[in-house]
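In each ligand, atom 1 is the first atom listed, and ligand 1 is the first ligand listed. Heavy atoms only: backbone and side chains are in, while hydrogens, waters and symmetry mates are out.
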Amino acid sequence: MYIVKVLVEHPVHALDTTFDYLSEKSLLVGVRVWIRFGYQKIIGYVENVEETHFSKSELEQRAGFRYQYILDVIDEEPLLNEELQTLANQLSRMTLSPRISCLQAMLPTQLKPSTHQTVGIKTQQVVHLVEGTYAKTIKQQECMAFLQEHPDIPVKDIPYSRALLDNLKKQGCIEIVEKEVYRQPFSIEHQSKHIQLTTQQQKVVDGILAHQGRVALLHGVTGSGKTEVYLALAAHYIQQNKSVMMLVPEISLTPMMVEVFRQRFGNQVAILHSRLSQGEKYDEYRRIKRQEVKIVVGARSAVFAPLENIGIIILDEEHDASYKQEAKPRYLTSQIAKMRAKTHHASVVLGSATPSLESYARALKGVYDLYELPERINQKPLPQVEIVDMIQETRQRNYSLFSRKMKQSIQQTIDKGEQVILLLNKRGYASYVQCQDCGEVLKCPHCDVTLTDHRSEHKLKCHYCEYMIDYPHVCPHCGSTHLKSVGYGTQKIEEEIEKIFCGAKVIRYDVDTTRQKNGHLKLLERFRNKEANILLGTQMIAKGLDFEDVTFVGVLNADLSLNIPDFRASERTFQLLCQVSGRSGRGQKQGHVIIQTYNPEHYAITCAAKHDYIAFFHQEMQYRRKAKYPPYCHMVSILIQSPHEELIHSVAIDVKNYLLAHSQQTVILGPARSAIYKMQDIYRERILVKFLHSQDIYEALCVMNDYYNKQQKGKVRIVCDFNPYSQI
Ligand SMILES: Nc1ncnc2c1ncn2[C@@H]1O[C@H](COP(=O)(O)OP(=O)(O)OP(=O)(O)O)[C@@H](O)[C@H]1O
Ligand SMILES: [Zn+2]
Ligand SMILES: [Zn+2]
């Protein structure tokens, strides 16, 4: 008899509690099992197996409760190998999150403990010939000859009738069997395009290869050919029979990078990202697990891919905020990458045109190796960037969203038959509805945010919860019918552009238009085919796109990301402006950029206009040093959440006092209300702790985390977020 400790995912026991079950047979740690839990049948994850010589009734007498047996074992072998099981435990400790949430973050949905399996293995019917049998008719013999030439051919692809096959089967000449197949998320067009690396690229590749096991920071300006460097590195490791992990930011870039890698390495590539269907993800995961692929290209969670013998882990656009997971477990992808690299003695490459301050500072200190690609391929110049002061425009009575220079440049570009990219800095641009008589703004009753106007559906929606209403006819406050939509959405601007500019054809690229499967690829393909001359979008279009004919990039409002209450506001703005400017003039023709702003003197904007990363870095580091922000310290944000408004502030004060008494060398800020105080009917306050060494605060955080999330379950919860990126 075996006592099996099973970890379950359950709303009330959403913590690291295991429950004991019995099994007649021994089980492997790390497999999933079906168990009865209360009245439900659910899936659990085996944490520990211990043999016992007691019988069931003896055990029950000793324990004082009745044991249940494991109902069924799901996996033949553990889902996670030893490396990943250890990593799950480390991740849980590092982020103060339950192990079950770590396992869930590491596995595709279909393999998560506790979800009901909806997608399974896909099969198709194939035909096998039975040796030593002979067909009767000529037609049948022809068919047999065909099958001989096409072993394992799927039934649907056989150019003979089903009736004929059925007859052959009856005669015992063939067997029709179900064979496992993989769903193919993208069709493969293998092109072995060979590009000769430039001397600079080759130097970077050689340098990285000569320092196996190190972390390299590759700082290369936009269009400097970083992708080719990644491809060359990947090719090297594959030749050494090692595997390669290529990580890219969420959503926008993934399909393009996937295409490039698929073209170069064909079937050896697996893809893991959020846009795949459940079935596709499941299949890709199994291909990786069975070591059938050598390269994984994917977004954040692909860092947990069950690759073995990893040679290199590459993070493209390493500064991107999507590398931070904003739900339990709140991890930073680069940190996980470094942990895995250590185990495999693999190298890590962090690539970016605008590295995060933290990374560049580490490179200057020698913690990382620094590689620079300061020029575009073929010494193509970087685009000329002009700053337009929007205050001057208003003084000249131009109240339009477009400055006169911007209008002129867009029209000229269209007239020359070239293409335009327009960036709408999204924050603040969502349109909301306001009463013209009493000034009332329509808000979500569950969250402290305005409702967003979804014009095409005639609905107002909350972006933080499910709340949605029909577009109202009267003001809920005063009953007036003078309701007006305020602010610009991409949709509204699209309409305006087609009115203002002669011959403008716009492709709108935002969350709404790219929602369909492979929606972004289709839109980008249409833009590449010149079905439109303007690509209008939010932050999603700033990165990675490489279109030859784009010679003009316009930034409609650079300031909105500057004004958010976040110590990274300048850094984010600088990065965004450099990235989007970098889309201009990548082909033969010179590129041009206009940035519209109300802060024309701000260093984030002036440095971006000069493509001067180093100047920006030094100025921003001064600010961080004075204000004591990372990289001059570490930070943890503690979010205190409760549905009971009367409790929240006093609990937050208690937490702060405890931390003050039990930590050293820390600066504790707050508690203060979160930027969105109420979200989904939960009130939220925040404490920020700045510290130098994690051991000075870690124990105290563990105690608080345990106390509120385990012992005091229910009324108040706290969430610790190391390396916080978001402060909403
Ligand atoms: N050695 C080379 N010879 C010729 N063309 C090259 C070479 N390396 C890269 N290119 C081309 O240069 C262009 C820019 O390269 P790539 O997109 O890799 O730049 P990047 O550094 O990733 O830029 P970004 O940071 O803007 O994404 C691409 O069209 C690519 O095909
Ligand atoms: Zn809401
Ligand atoms: Zn009103």
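- Coordination check, His446 versus the Zn ion (ligand 2): failed, since every N/O/S atom of the residue sits at 2.8 Å or beyond.
- Looking only at distances, a side-chain donor or acceptor of Lys226 sits under 3.5 Å from a matching main-chain atom of Gly220.
- Heavy atoms of Arg586 come nearer than 4.0 angstrom to ligand 1 in at least one pair.
- With hydrogens and angles ignored, the 3.5 Å screen pairs a side-chain donor or acceptor of Lys678 with a backbone N or O of Pro445.
- Interface of Gln196 with ligand 1, defined as ligand atoms under 4.0 Å from a residue heavy atom, comprises 1 (N), 2 (C), 3 (N).
- Checking side-chain atoms of Arg300 against main-chain N and O of Ser322 turns up a donor-acceptor pair under 3.5 Å.
- Residue-ligand proximity, Thr198 to ligand 1, at heavy-atom distances under 4.0 Å covers atoms 1 (N).
- Interface of Leu197 with ligand 1, defined as ligand atoms under 4.0 Å from a residue heavy atom, comprises 1 (N).
- If you look at His458 and Tyr471, their ring centroids are not closer than 6.0 Å.
- The atoms of ligand 1 that sit less than 4.0 Å from any heavy atom of Ile195 are 1 (N), 2 (C), 3 (N), 7 (C).
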Given Tyr360 and Tyr613, is the ring pair (Phe, Tyr, Trp, His ring centres under 6.0 Å) satisfied, shown in steps? CA-CA 10 Å; Tyr360 203 78; Tyr613 176 82; 4.9 Å; yes

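- Looking at ligand 1, you'll find an N or O of Asp546 within less than 3.5 Å of one of its N or O atoms.
- Under the 4.0 Å criterion applied to side-chain N and carboxylate O atoms, Arg528 and Asp549 are not assigned as salt-bridge partners.
- Both the backbone and the side chain of Thr222 come within 4.0 Å of ligand 1, counting heavy atoms alone.
- Distances from atom 23 (O) of ligand 1 to the heavy atoms of Gly223, Gly225, Gly220 put Gly223 nearest.
- A salt bridge links Asp369 to Arg214: one of the charged nitrogens lies within less than 4.0 Å of a carboxylate oxygen.
- At a 4.0 Å heavy-atom cut-off, ligand 1 touches Val221 through the backbone alone.
- For atom 1 (N) of ligand 1, the candidate residues are Gln201, Gln200, Glu228; the nearest heavy-atom contact is made by Gln201.
- Residue Gln579 has no nitrogen or oxygen atom sitting less than 3.5 Å from a nitrogen or oxygen atom of ligand 1, judged on distance alone.
- Vertex the Zn ion (ligand 2), arms ending at SG of Cys465 and SG of Cys444: the angle is 110° after rounding to 10 degrees.
- Of all atoms in ligand 1, listed by their number and element, those nearer than 4.0 Å to a heavy atom of Thr227 are 16 (P), 17 (O), 18 (O), 22 (O).
- Screening Arg264, Gln196, Gln202 against Glu228 for a side-chain hydrogen bond (donor to acceptor under 3.5 Å, both in side chains) leaves a single residue, Arg264.
- Here the protein contributes Cys435 SG, Cys438 SG, Cys475 SG, Cys478 SG as N, O or S atoms under 2.8 Å from the Zn ion (ligand 3).
- Between the side chain of Gln590 and the main chain of Pro383, no donor-acceptor pair closer than 3.5 Å is present.
- Distance alone, capped at 3.5 Å, places no donor-acceptor pair between the His236 side chain and the Ala232 backbone.
- A donor-acceptor distance shorter than 3.5 angstrom exists from the side chain of Arg262 to the backbone of Val269, with no hydrogens or angles considered.
- Between the side chains of Gln263 and Glu259, no donor-acceptor pair of N or O atoms lies under 3.5 Å.
- Between the side chains of His219 and Glu372, a donor-acceptor pair is found at a separation under 3.5 Å.
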